[in-house]
Structures are given as C-alpha cells and as structure tokens.
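First the structure, in the form of structure tokens, and then the observations on it.
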Amino acid sequence: MASSPMARGSGSAAAGTGGSQTVEQSLLNKMLVESGERAKLKEYVMTTLSDCGWREELKRHCVEYIQNKGIEKVTIEEITSDIAPKGRATVPDSLKTELLNRLRVFAEEQGMESAAGGPISAGSGEGMP
C-alpha cells in the first residue's frame with residue numbers, strides 16, 4: 001500500500017470520531033499543519049510501521065487476498081474493504097499510545113483547552129490505521 005495511514009480520508013491526524021470532527025480537533029489539525037508538526041508525526045508513523053513490519057505484513061495480506069480471489073475478479077473496493085479493517089486492527093498499541101501522547105503534548109504546548117476547560121482531547125486514534 002502506497003498510502004500512509006495519516007494520508008487517507010480527511011487528512012486529519014486527530015480524526016478519531018469517525019469523520020465528525022469537533023471544533024477542537026479541527027483547530028488542532030490546522031495548528032499541526034501550519035506548524036509542520038503533522039508532517040513530522042506522519043513521518044514518525046510511517047517509519048514506525050515500516051520498522052515493525054506492519055507494512056510488509058499488510059502487503060503480504062493484500063497479495064494473498066488477490067491470489068485467493070483471482071486478479072481478474074477482484075476490485076479495488078473489495079481489497080480496500082478487506083485490508084483497511086485489518087490494517088487498523090494491527091497497528092501496534094504502543095504506536096497509538098505514543099501518537100496520542102505526542103498530540104496531547106502539542107495541544108498543551110499550543111495552549112489549547114477543550115470546551116469543558118480541560119486539556120483538549122486529540123481523539124481516540126480510531127481514525128488512524
């Protein structure tokens with residue numbers, strides 16, 4: 001797969017709400033992009049996933065899926081619907097935790113607070129791989 005987990009969808013590193021971003025998450029994403037931090041986080045995620053073998057495992061699964069279905073009979077939509085859930089489910093918990101921590105630290109450094117007055121929540125990470 002050539003696409004990184006953070007490069008898909010709305011382009012939000014903080015989208016953990018299944019597509020319905022809060023104002024805080026939209027603001028966080030804007031600040032991440034403008035500061036260049038989003039690109040750094042994206043590189044960190046891509047490198048970590050590559051280093052731990054996640055990308056190779058997903059490629060292997062993709063090839064197996066195509067071989068089982070037959071290259072002439074499989075569509076991109078079928079591959080995506082099979083591979084995407086597996087990809088998200090197999091992202092190491094340690095990476096999810098580290099990414100969430102980095103997002104929280106960034107938000108705190110930017111002085112962001114949630115509507116409830118506490119530190120902003122960066123999302124659950126579900127929108128990630």
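Just so it is clear, the model here is predicted, and its values are computed rather than measured.
Looking at residues two or more places apart in sequence or on another chain, you find no salt bridge (Lys or Arg N to Asp or Glu O under 4.0 Å) involving Glu109. Applying the side-chain hydrogen bond (donor to acceptor under 3.5 Å, both in side chains) criterion to Gln110, with sequence neighbours excluded, gives no partner residue. Qualifying salt bridge (Lys or Arg N to Asp or Glu O under 4.0 Å) partners for Glu78, counting only residues two or more places apart in sequence or in other chains: none. Partners of Glu34 under the salt bridge (Lys or Arg N to Asp or Glu O under 4.0 Å) rule, at least two apart in sequence or in another chain, are Lys30. Residues forming a side-chain hydrogen bond (donor to acceptor under 3.5 Å, both in side chains) with Thr97 (at least two apart in sequence, or on another chain): none. With sequence neighbours excluded, no residue forms a side-chain hydrogen bond (donor to acceptor under 3.5 Å, both in side chains) with Thr75.
Here the CZ atom belonging to Arg55 is positioned 10.5 Å from the SG atom belonging to Cys52, to the nearest 0.5 angstrom. Here the SG-CZ distance, from Cys62 to Arg60, works out to 12.0 Å after rounding to the nearest 0.5 Å. To the nearest 0.5 angstrom, Met112 atom CE is 5.0 Å from Leu28 atom CG. Taking CG from Asp82 and NZ from Lys69, the interatomic distance works out to 8.0 Å, rounded to the nearest 0.5 Å. The CD atom of Glu77 sits 6.5 Å away from the OG1 atom of Thr80 when rounded to the nearest 0.5 Å.
With contacts defined as side-chain heavy-atom distances shorter than 4.5 Å, the pair Leu100/Arg104 qualifies. Between Pro85 and Arg88, some side-chain heavy-atom pair lies under the 4.5 Å cut-off. Taking 4.5 Å as the limit, some side-chain heavy atom of Leu103 sits within range of a side-chain heavy atom of Leu41.
A distance-only check finds no donor-acceptor pair linking the side chain of Trp54 to the backbone of Met46 [under 3.5 Å]. For Thr47 (side chain) and Tyr44 (main-chain N/O), no donor-acceptor pair under 3.5 Å exists by modelled atom type.
Minimum interatomic distance between His61 and Ile83 (heavy atoms only, all atoms of both residues): CD2-CD1, 3.0 Å. Residues Phe106 and Met31 share a closest heavy-atom pair of CZ-O, 3.7 Å.
Under a 4.0 Å N-O distance rule, the pair Arg102/Glu98 qualifies as a salt bridge. Glu43 and Lys40 are not joined by a salt bridge, as no carboxylate oxygen comes within less than 4.0 angstrom of a charged side-chain nitrogen.
Both Tyr65 and Ile71 sit in one connected hydrophobic cluster of ILVMFWY residues. Membership requires side-chain heavy atoms under 4.5 Å apart, directly or through other members.
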